[in-house]
Engineer: 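Sharing a structure here in structure tokens format.
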Amino acid sequence: MGERAAPWVMRTYSGHTSAAASNALYRTNLAKGQTGLSIAFDLPTQTGYDPDDEAARGEVGKVGVPVAHLGHVRQLFEGLPLTEMNTSMTINATAAWLWALYLALAAERGDDPARLQGTIQNDIVKEYLSRGTYIFAPGPSRRLIVDTVAYGVAHVPRWNPINVCSYHLQEAGATPAQEVAYALATAIDVLDAVRDSGKVDPSRLGEVVGRVSFFVNAGVRFVEETAKMRVFTALWDEICRTRYGVEDPAQRRFRYGVQVNSLGLTEQQPENNVGRIVLEMLGVTLSADARARAVQLPAWNEALGLPRPWDQQWSLRLQQVLAYETDLLEYPDLFAGSVVMESLVHDLREAALAELDEVLALGGAFAAVEQVKARLVASQAARVARIEAGEQVVVGVNRFTETAPSPLAEGVESILTVDPSVEAELVDDLATWRASRDASAVEAALAELRRVAASDDPADNVMVPSIALARAGGTTGEWARTLREVYGEYRAPTGVASARATREGFADLAARSRALAERRGSPPRLLVAKPGLDGHSNGAEQVAVAARDAGFEVVYAGIRSTPEEIVAAARDEDVDVVGLSILSGSHLELVPRVVEGLRAEGVAAPVVVGGIIPPEDAAALRRGGVAAVYTPKDYRLAEIVAGLLELAER
């Protein structure tokens, strides 16, 4: 037995309501033994809107902390020493801006930027493919990433300016081979762009490579997940050495953090999720040669709603028990010489390389977004079909469903809710902030940001005017609006058109749809829509594919539609049913606006809603005119589509 290894950085992905409330939560978590921060931002912050923007209505503070200006960053990190922390920020389209705010705060405190450690996610490809918080098209988005990488290498050398994220790819349906391939393709595309930009001296390319980090997913098949991480580690080392000529092994190291699979958490028998979380953690900790450098675990009740501090503490304690009570860290790699593991690694490596070669042949990750998205939707459809058919067992869902009532979820408030007054308070806060700043300094900073964003000069880096704007008192919405004026906005492909799945019970549904079409002269028509800023579209896409397979004509334009746009589409497309998908917790604010708008336009189509919706909220939606509410426990697409068809037949 050798020297006991140091444990990984332990994080909890958290943030809610306001900067002050989140600061209190971070202090509490750190006091409980958490060793790094992982900051969740609300959707307006992620998509570049201020709290007083019409697009932000109902979304402020719901899935993370709202940050509109430097004052909020001061509150968020009050009493927390930046140079002694490792801070991870899950931020992508607005990553350059949030990092600029952080660096402005560090400068204000007199902190040496060379001592700052942390990560901005800054991976826009997976936003196009799965998570949906993109703003700009691939070209401008890649430019912003290149600028952050170049700035980081020159000025903040211990910071990871990109965290290539395969986590959401698995949640969108990626197989292990696809997860490896698509993440590595993104990293290659970014590194090629940095190398060719003229913004980094070629002699420093090794430093650039050494600051690329990854963020992966770990599912419950933990033996396969262990093999996946060993493949990731070996392939990244090979790519760094052969493609980029990096000789220093430390710069070629596959440095990754992980959150285990939230997609696998179930609303039914939620206590089972604790076992799933522990097993998933093993997939990224058992192998010493491919162990995660940072781990954050979801809470057992995330399929029910926003976790409470106690729930997050439980997840932290699971990490601490594994790291400090067990003997895991006392041994070298447990799988060295394992014939089974070597075989798994070999097969997965070959499959991942084949997938990677295909993406590179299509022009790289940014160019291949449409094709990769279609593959993910198809993979997810196949996965859902296996669960529906019982071929893929999910305990408590499609097998072993008999259960006693759970004392964890019965009779107590088992999730955290955000006070609706938070939004109004943030709007007032923003007005006060704007009134107190030097307006001319803000305008000058915005003008320089606009100039640099439009410039092709390698000497121009968007981080410089972004930091100046942060210090002048600019806001998230102002930064993003300026870049929208320069770059425009982008709508990513949905991947729905080509996806197919073989499903049980759909022949009868298709026959009913044909019969309805013969009676009235047209097939049933379904509008699938995602109101608000929520970009998690996996469920909406699967319903759209399943309804089409059952004979519906499906209208689906993708994510982030306003209630007014949804009403207009329902009216103009003459649909029979309107299906709304909301996973951000904003259903009580957004759904009534759609229902009222439909009735005002004389659209009689019934409305159904899907999402993470507590029972009391579901009852409120039904009282407000919603015909049906579906939650994660409603996993059988045949039953969901049958319900939609029944509404269309009325």
Engineer: Just by distance, with hydrogens left out, do N122 and T148 show a side-chain donor and acceptor under 3.5 Å apart?
Structural biologist: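 Side-chain D/A pair, N122 to T148: present.
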Engineer: Could you pull out the closest heavy-atom pair between V260 and N217, with the gap in Å?
Structural biologist: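 Reported closest heavy-atom pair: C-OD1, 3.7 Å.
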Engineer: For the pair K126 and E171, evaluate salt bridge (charged side-chain N to carboxylate O under 4.0 Å, His left out) and give the outcome as yes or no after the intermediate values.
Structural biologist: CA-CA 11 Å; K126 67 93 175 50; E171 296 224 322; over 6 Å; no
Engineer: Between Q251 and V209, what is the shortest heavy-atom contact and its length?
Structural biologist: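 Looking at all heavy atoms of both residues, the shortest contact is O-CG1, 3.6 Å.
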Engineer: Do D192 and Y244 make a side-chain contact, defined as non-hydrogen atoms from C-beta onward lying under 4.5 Å apart?
Structural biologist: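 Sidechains of Y244 and D192: in contact.
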Engineer: Are T475 and R437 packed together at the side-chain level, in the sense that at least one heavy-atom pair is separated by less than 4.5 angstrom?
Structural biologist: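 The answer is yes, as the side chains (C-beta and beyond) meet within the 4.5 Å cut-off.
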Engineer: Are any of the side-chain nitrogens in R560 or E565 under 4.0 Å away from the carboxylate oxygens of its partner?
Structural biologist: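 E565 and R560: not salt-bridged.
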Engineer: Under the 3.5 angstrom rule, does the side chain of K199 hit a backbone N or O of D460 as a donor-acceptor pair?
Structural biologist: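 Yes, K199 side chain to D460 backbone: donor-acceptor pair under 3.5 Å.
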Engineer: Are the aromatic ring centres of Y490 and F136 under 6.0 angstrom apart?
Structural biologist: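 Aromatic pair excluded; centres sit 6.0 Å or further apart.
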Engineer: Treating S586 as the side-chain partner and E589 as the backbone partner, does any N or O pair qualify as donor plus acceptor under 3.5 Å?
Structural biologist: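 The answer is no, because no donor-acceptor pair under 3.5 Å joins these two groups.
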Engineer: List the steps and the verdict of side chain to side chain contact (heavy atoms under 4.5 Å, CB included) for R593 and R57.
Structural biologist: CA-CA 11 Å; R593 291 170 60 189; R57 281 182 59 188; 3.7 Å; yes
Engineer: So, are D248 and R252 salt-bridged, with charged N and O less than 4.0 Å apart?
Structural biologist: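 No salt bridge links D248 with R252.
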Engineer: What I want to check is whether the side chains of K62 and S584 have a donor and an acceptor closer together than 3.5 Å.
Structural biologist: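 K62 vs S584: no donor-acceptor pair found between side chains.
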Engineer: Could you walk me through whether Y556 and K530 pass the side chain to side chain contact (heavy atoms under 4.5 Å, CB included) test, one step at a time?
Structural biologist: CA-CA 9 Å; Y556 177 54; K530 288 194 64 64; 4.3 Å; yes
Engineer: Identify which one of N86, L30, T12 satisfies the side chain to side chain contact (heavy atoms under 4.5 Å, CB included) criterion when paired with L37.
Structural biologist: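 So, applying the side chain to side chain contact (heavy atoms under 4.5 Å, CB included) to L37 and each of N86, L30, T12, only L30 qualifies.
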Engineer: Kindly indicate whether the side chain of M10, heavy atoms from C-beta on, has any atom under 4.5 Å from the side chain of V295.
Structural biologist: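 In short, these two side chains do not touch, never coming nearer than 4.5 Å.
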Engineer: Out of V377, I124, L169, which residue meets the side chain to side chain contact (heavy atoms under 4.5 Å, CB included) rule with L129?
Structural biologist: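 It is L169, the one option of V377, I124, L169 that forms the side chain to side chain contact (heavy atoms under 4.5 Å, CB included) with L129.
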Engineer: Does R434 come within less than 4.0 Å of D50, counting only side-chain N to carboxylate O?
Structural biologist: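 Yes, R434 and D50 are salt-bridged.
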Engineer: Cation-pi between R11 and F215: NZ/CZ under 6.0 Å from ring centre and within 45° of the ring axis?
Structural biologist: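 The answer is no, since R11 fails at least one limit relative to F215.
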Engineer: State, yes or no, whether a side-chain contact exists between N538 and L376 at a heavy-atom distance under 4.5 Å.
Structural biologist: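 In short, these two side chains do not touch, never coming nearer than 4.5 Å.
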Engineer: Can a donor-acceptor pair be found between the side chains of T476 and W97 at a distance below 3.5 Å?
Structural biologist: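 A donor-acceptor contact under 3.5 Å links the two side chains.
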Engineer: Answer with yes or no whether the side chains of N163 and S213 bring together a donor and an acceptor at under 3.5 Å.
Structural biologist: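 A donor-acceptor contact under 3.5 Å links the two side chains.
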Engineer: How long is the gap from OG on S561 to CG on L590, to the nearest 0.5 Å?
Structural biologist: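 If we round to the nearest 0.5 Å, S561:OG and L590:CG are 11.0 Å apart.
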Engineer: Check this for me, if you would: do E207 and R204 make a salt bridge, where the nitrogen-to-carboxylate-oxygen distance has to be below 4.0 angstrom?
Structural biologist: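 R204 and E207: salt-bridged.
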Engineer: So, the side chain of E423 versus the backbone of G58: is there a donor-acceptor pair under 3.5 Å, distance only?
Structural biologist: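 Present.
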Engineer: Before you tell me yes or no, could you show the steps for M89 and Q121 under side chain to side chain contact (heavy atoms under 4.5 Å, CB included), namely the whole-Å CA-CA distance, both residues' side-chain angles and the distance that decides it to 0.1 Å?
Structural biologist: CA-CA 6 Å; M89 294 189 276; Q121 195 161 94; over 6 Å; no
Engineer: Assess whether a salt bridge exists between R349 and E238, defined as any Lys/Arg side-chain N lying under 4.0 Å from an Asp/Glu carboxylate O.
Structural biologist: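 Yes, R349 and E238 are salt-bridged.
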Engineer: Looking at N23 and L76, would you say the former's side chain and the latter's main chain have a donor-acceptor pair under 3.5 Å?
Structural biologist: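 Side chain of N23 to backbone of L76, a donor-acceptor pair under 3.5 Å: yes, one is there.
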Engineer: Going from CD1 on I467 to CG on L70, what distance comes out if it is rounded to the nearest 0.5 angstrom?
Structural biologist: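 Going from CD1 on I467 over to CG on L70, the span is 11.5 Å.
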Engineer: Are the charged groups of R450 and E485 less than 4.0 angstrom apart, N to O?
Structural biologist: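 Salt bridge between R450 and E485, a charged N being under 4.0 Å from a carboxylate O: yes.
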Engineer: Can you check whether W236 reaches R253 side chain to side chain, under 4.5 Å on heavy atoms?
Structural biologist: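 Result no, sub-4.5 Å side-chain heavy-atom pair not found.
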Engineer: Could you tell me whether the side chain of S379 and the main chain of T175 form a donor-acceptor pair under 3.5 Å?
Structural biologist: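 No: the side chain of S379 does not pair with the backbone of T175.
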Engineer: Does Y182 offer a backbone N or O that forms a donor-acceptor pair with the side chain of T186 under 3.5 Å?
Structural biologist: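 At least one qualifying donor-acceptor pair exists.
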Engineer: To the nearest 0.5 Å, what is the distance between OG1 (T482) and CG (L446)?
Structural biologist: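 If we round to the nearest 0.5 Å, T482:OG1 and L446:CG are 4.5 Å apart.
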Engineer: Donor-acceptor pair, distance only, cut-off 3.5 Å: does the side chain of E127 make one with the backbone of T133?
Structural biologist: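 Yes; judged by distance alone, with no hydrogens or angles, the pair exists.
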Engineer: Between W433 and G473, which heavy-atom pair has the shortest distance, and what is it?
Structural biologist: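 Closest heavy-atom pair between W433 and G473: NE1-O, 2.8 Å.
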Engineer: Are L430 and H69 packed together at the side-chain level, in the sense that at least one heavy-atom pair is separated by less than 4.5 angstrom?
Structural biologist: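 Contact flag for L430/H69 side chains = yes.
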Engineer: Considering all heavy atoms of both residues, which atom of A93 and which atom of L144 are nearest to each other, and what is their separation?
Structural biologist: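 Closest approach of A93 to L144, heavy atoms only: O-CD1, 4.5 Å.
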Engineer: Is the Y128 ring parallel, tilted or perpendicular to the F366 ring (thresholds 30°, 60°)?
Structural biologist: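 Judged by the thresholds at 30° and 60°, the geometry between Y128 and F366 is perpendicular.
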Engineer: Check this for me, if you would: do R115 and D112 make a salt bridge, where the nitrogen-to-carboxylate-oxygen distance has to be below 4.0 angstrom?
Structural biologist: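 No, no charged N to carboxylate O under 4.0 Å.
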Engineer: Return the minimal non-hydrogen interatomic distance between P51 and A68, and the atom names on each side.
Structural biologist: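 Scanning both residues, the minimum pair turns out to be CD-CB, 3.8 Å.
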Engineer: At what distance, to the nearest 0.5 angstrom, does CG of D147 lie from OG of S466?
Structural biologist: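 It comes to 8.5 Å.
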Engineer: Hey, are D53 and R481 close enough for a salt bridge, meaning a charged N less than 4.0 Å from a carboxylate O?
Structural biologist: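 A salt bridge is absent here (no side-chain N lies under 4.0 Å from a carboxylate O).
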Engineer: If the threshold is 4.0 Å, N to carboxylate O, is there a salt bridge linking E541 and K373?
Structural biologist: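 Judged by the 4.0 Å cut-off on N to carboxylate O distance, E541 and K373 do form a salt bridge.
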Engineer: Please find the pair of heavy atoms, one from S38 and one from T90, that lie closest to each other, and give the distance.
Structural biologist: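 Nearest pair, atom of S38 first, then T90: OG-OG1, 4.4 Å.
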Engineer: Quick one: do M229 and Y256 satisfy side chain to side chain contact (heavy atoms under 4.5 Å, CB included)? Show the steps, please.
Structural biologist: CA-CA 10 Å; M229 298 321 306; Y256 77 96; 3.5 Å; yes
Engineer: Find the distance between OG1 (T119) and CD1 (I39) and round it off to the nearest 0.5 Å.
Structural biologist: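 The OG1 atom of T119 sits 11.0 Å away from the CD1 atom of I39.
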Engineer: Are Q46 and R131 linked by a side-chain donor-acceptor pair shorter than 3.5 Å?
Structural biologist: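 Short answer, yes.
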Engineer: Side chain of R27, backbone of E78: donor and acceptor closer than 3.5 Å?
Structural biologist: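 Flag set: sc R27 to bb E78 pair under 3.5 Å.
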Engineer: Going from CD on E59 to OG1 on T47, what distance comes out if it is rounded to the nearest 0.5 angstrom?
Structural biologist: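 The distance works out to 8.0 Å.
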Engineer: How are the rings of W159 and Y102 set to each other: parallel, tilted or perpendicular (split at 30° and 60°)?
Structural biologist: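 Judged by the thresholds at 30° and 60°, the geometry between W159 and Y102 is tilted.
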Engineer: Hey, does T87 have a side-chain heavy atom less than 4.5 Å from the side chain of Q117?
Structural biologist: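 No, side chains not in contact.
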Engineer: Do side-chain atoms of Y487 reach the backbone of A453 as a donor and acceptor pair under 3.5 angstrom?
Structural biologist: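 Yes: the side chain of Y487 pairs with the backbone of A453.
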Engineer: Counting only heavy atoms not in D457 (residues, nucleotides, ligands), do more than 12 fall under 6.0 Å from its CG?
Structural biologist: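 Yes - once you tally the heavy atoms of other residues, nucleotides and ligands closer than 6.0 Å, there are more than 12.
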Engineer: Side-chain contact test, heavy atoms from C-beta onward, threshold under 4.5 Å: evaluate it for H72 versus L426 and give yes or no.
Structural biologist: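 They are in side-chain contact.
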Engineer: In terms of side-chain geometry, is the basic nitrogen of E108 or R471 positioned less than 4.0 Å from the acidic oxygen of its partner?
Structural biologist: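 So E108 does not pair with R471 through a salt bridge.
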Engineer: If only atom types and distance count, is the side chain of D534 paired as donor or acceptor with the main-chain N or O of I582 below 3.5 Å?
Structural biologist: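 No; zero donor-acceptor contacts below 3.5 Å.
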